[in-house]
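First comes the structure, then the notes that go with it.
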Amino acid sequence: MNSLSLFKRASRCFDDYPSLAKLVVVCTISGGCYVAYADANGTGGAPPVLEEIKKKKVVVLGTGWAGTSFLKKLNNPSYDVQVISPRNYFTFTPLLPSVTCGTVEARSIVEPIRSIVRKKSIDISYWEAECFKIEAENKKVHCRSNSESSKNGKEEFVVDYDYLIIAMGARPNTFNTPGVVENCNFLKEVEDAQQIRQSVINSFEKASLPTFSDEERKRILHFVVVGGGPTGVEFAAELHDFVNEDLVKLYPAAKDFVKITLLEASDHILNMFDKRITGFAEEKFQRDGIDVKLGSMVVKVSDKEISTKVRGNDGEITTIPYGMVVWSTGNGTHPVIKDFMQQIGQSNRRALATDEWLRVEGCSTIYALGDCATVNQRKVMEDIAAIFKKADKDNSGTLTVKEFREVIKDICERYPQVELYLKNKKMRDLVDLLKMAKGDVAKEAIELNIEEFKKALSEVDSQMKNLPATAQVAAQQGTYLANCFNRMEEAEKNPEGPIRFREEGRHRFHPFRYKHLGQFAPLGGEQTAAQLPGDWVSIGQSSQWLWYSVYASKLVSWRTRVLVISDWTRRFVFGRDSSGI
């Protein structure tokens, strides 16, 4: 039976049975649907109206933590989702340092993106291609296929969208240092980890040849890590264990020539961690023989030497011979993101600025999340007059405690720095802050004019902090945005967010709030530092087992969980794989 005969029968049914006063028939046809609607009045009447309802087209750029979390949580069937990424798999990036030394195999930490989307009951398709241009004004993205055509090279095509989700991540930040791109290894992708693993094995094989002097062997087996953040520190620890537990057994003559150096431009490694962890990590690396050089800024990298400038040393340049360099100094911006930022007037930033609902500023239908974006939290002092006016319901020109209490919840939700400020000042609520500004006055008798109100909240914005560029943040942003899309129609009718202080009504959704669940820093030798919520710090083997359990539970599928756990078991029984394949 074809579609038209089905509609004819439905129409005849409405005419023959007027008691069916109102009936809606929905028929899904290839990505859209037709709605047949009849309002029978007992006199026959006109045939039903057929109206096509098109699904909103959502284009997702990227298959990293943010993009994959969005896809996994999205369940609203009113969207037609198109995923575009040059990488047809999701990578569990926290285990990349383990791949570099054979602790974990590369295939164990990746999950095909098609395996993820095929389990969804909504329309999601994937194209392996790279976006090279975004047209916000025309709602188009220009893409280039990964595979080359025999005639025209890489095929290019254009995709229209109703909503665009930019989750492209970031590229390594070289700070335009000469020679970095040509001579250094990065640690962003699975391919990077595999290349590092091959380079380590090749260095040991090369140093074993009889054609090199001892001085040359020292250079070849000198491994330099630039960047004292979590990735650089974990790689240095993994490499130290790999060399001392596995490679020295296979290359005993090379033991005395191996050296690992960690270069950090600031005063300490792991700056984002508690000072107790930072101190422990530096002491442990010193005991393990890892040379940590603090205050060393790399100014140039050649094919055999790396040049550094030590702070406080009158700008003197020091050259260090090396065999391999791993560059891990933070995130840079993709060229396509730079071009897009110039289009929308954000060219002076390092990442796309979004509001608290992850919408790109100035683009109501474009969202950005993960490492390519940063949430631009509004300041209280920018909206102080609007807040005062909204709270002053009787337009008296003064704000009472009763009036203020009615908007406290909305203020704290809209401006999270307020709650942080109160916590740091050990105040129970904002009324205590007003009392402090007013002086020795009973709470219920407090009345503030606009200037006194400004004075009370003048220091609140000092607690504003940017979110860290971590997998944890990106994953939570993807989940949050998917939940917003799942409830989009409902929230349009019944907004659930805080009051709009500069306009009327309420925001559709609650703003995104990052919940810190803790962070780990593996330090080698089966010891890990853990900093968990509530400023709880744990260092040692117990934290290492906590790290194992947490990471195993966070892997994207049972397939990857089984593979990673089997790799860890193999490593305990047989040691790390040193084949270099």
Side-chain angles (χ1 to χ4, degrees), residues 97 100-101 172-175 177-180 182-187 192-193 195-197 199-204 206-207 212 214-245 247-248 251 254-271 278-313 316-330 521-525:
T100 63
C101 298
N173 191 355
T174 65
F175 300 98
T177 306
V180 171
E182 297 82 1
N183 300 299
C184 294
N185 294 278
F186 302 109
L187 193 47
D192 296 335
Q195 183 177 343
I196 291 172
R197 180 174 169 182
S199 297
V200 171
I201 300 301
N202 287 346
S203 295
F204 275 85
K206 188 176 180 180
F212 294 102
D214 288 351
E215 196 65 28
E216 192 65 13
R217 288 190 178 92
K218 286 182 180 180
R219 183 192 67 79
I220 294 170
L221 294 177
H222 186 193
F223 303 99
V224 178
V225 183
V226 182
T231 302
V233 167
E234 185 176 350
F235 169 70
E238 280 276 1
L239 181 60
H240 172 268
D241 288 353
F242 186 33
V243 169
N244 288 276
E245 295 175 8
L247 293 182
V248 293
Y251 307 91
K255 181 178 180 180
D256 295 332
F257 301 107
V258 179
K259 184 179 180 181
I260 301 172
T261 298
L262 178 63
L263 302 177
E264 168 56 41
S266 65
D267 294 330
H268 296 282
I269 61 174
L270 298 176
N271 278 321
T278 296
F280 179 85
E282 291 175 355
E283 291 174 5
K284 184 180 185 304
F285 276 14
Q286 186 178 11
R287 292 195 306 269
D288 290 343
I290 299 175
D291 186 13
V292 179
K293 295 182 180 294
L294 302 173
S296 297
M297 184 175 66
V298 177
V299 295
K300 183 181 178 182
V301 183
S302 67
D303 60 341
K304 292 184 179 181
E305 290 183 333
I306 183 168
S307 301
T308 64
K309 182 167 65 175
V310 180
R311 189 172 61 251
N313 199 20
E316 182 180 348
I317 305 296
T318 304
T319 58
I320 305 171
Y322 74 87
M324 187 187 79
V325 176
V326 173
W327 188 275
S328 178
T329 59
L523 302 174

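Within a 6.0 Å radius of CD in Glu182, other residues, nucleotides and ligands contribute more than 12 heavy atoms.
For the pair Lys206 and Phe212, the minimum side-chain heavy-atom distance is below 4.5 Å. When side chains are defined from C-beta on, Glu282 counts as touching Ile269, because their heavy atoms get closer than 4.5 Å.
With hydrogens and angles disregarded, a donor-acceptor distance shorter than 3.5 Å links the side chain of Trp327 to the backbone of Asn173. Remark: the backbone N or O of Tyr322 is paired with a side-chain donor or acceptor of Arg219 at under 3.5 angstrom. Under a 3.5 Å cut-off, the side chain of Arg217 and the backbone N or O of Ala254 do not form any donor-acceptor pair. Of the possible polar contacts, none joining the Glu316 side chain to the Val310 backbone as a donor-acceptor pair under 3.5 Å is found. Under the 3.5 Å distance criterion, the side-chain polar atoms of Ser302 are left unmatched by any main-chain donor or acceptor of Gly179. No donor-acceptor pair under 3.5 Å is formed between the side chain of Thr261 and the backbone N or O of Val224.
Using bins of under 30°, 30° to 60° and over 60° for the plane-to-plane angle, the ring pair Tyr251/Phe204 lands in the tilted bin.
Residues Ala236 and Val225 come closest through the heavy atom pair CB-CG2, 4.3 Å. Closest heavy-atom contact between Ser266 and Asn271: OG-ND2, 2.7 Å.
Between the CG atom of Asn202 and the CD atom of Gln195 there is a distance of 10.0 Å, given to the nearest 0.5 Å. Distance check: Lys304 NZ to Glu216 CD gives 5.5 Å after rounding to the nearest 0.5 Å. Taken to the nearest 0.5 Å, the NE2 atom of His222 stands 9.0 Å off from the CD1 atom of Ile260. Considering CG of Asp192 and OG1 of Thr100, their distance stands at 11.0 Å, rounded to 0.5 Å. If you take CG on Leu187 and CD1 on Ile196, they are separated by 4.5 Å, rounding to the nearest 0.5 Å. Atoms CG and CG, on Leu523 and Leu270 in that order, are 7.0 Å from each other to the nearest 0.5 Å.
A side chain to side chain contact (heavy atoms under 4.5 Å, CB included) with Ile306 is found for exactly one of Val299, Thr177, Val226, Thr318, namely Val226.
Residue pairs meeting the salt bridge (Lys or Arg N to Asp or Glu O under 4.0 Å) criterion with at least one partner in residues 230-244, sequence neighbours excluded, do not occur; the list is empty. Under the side chain to side chain donor-acceptor pair (under 3.5 Å) criterion, the residue pairs touching residues 288-299 are Lys284-Asp288, Asp291-Lys293, with sequence neighbours excluded.
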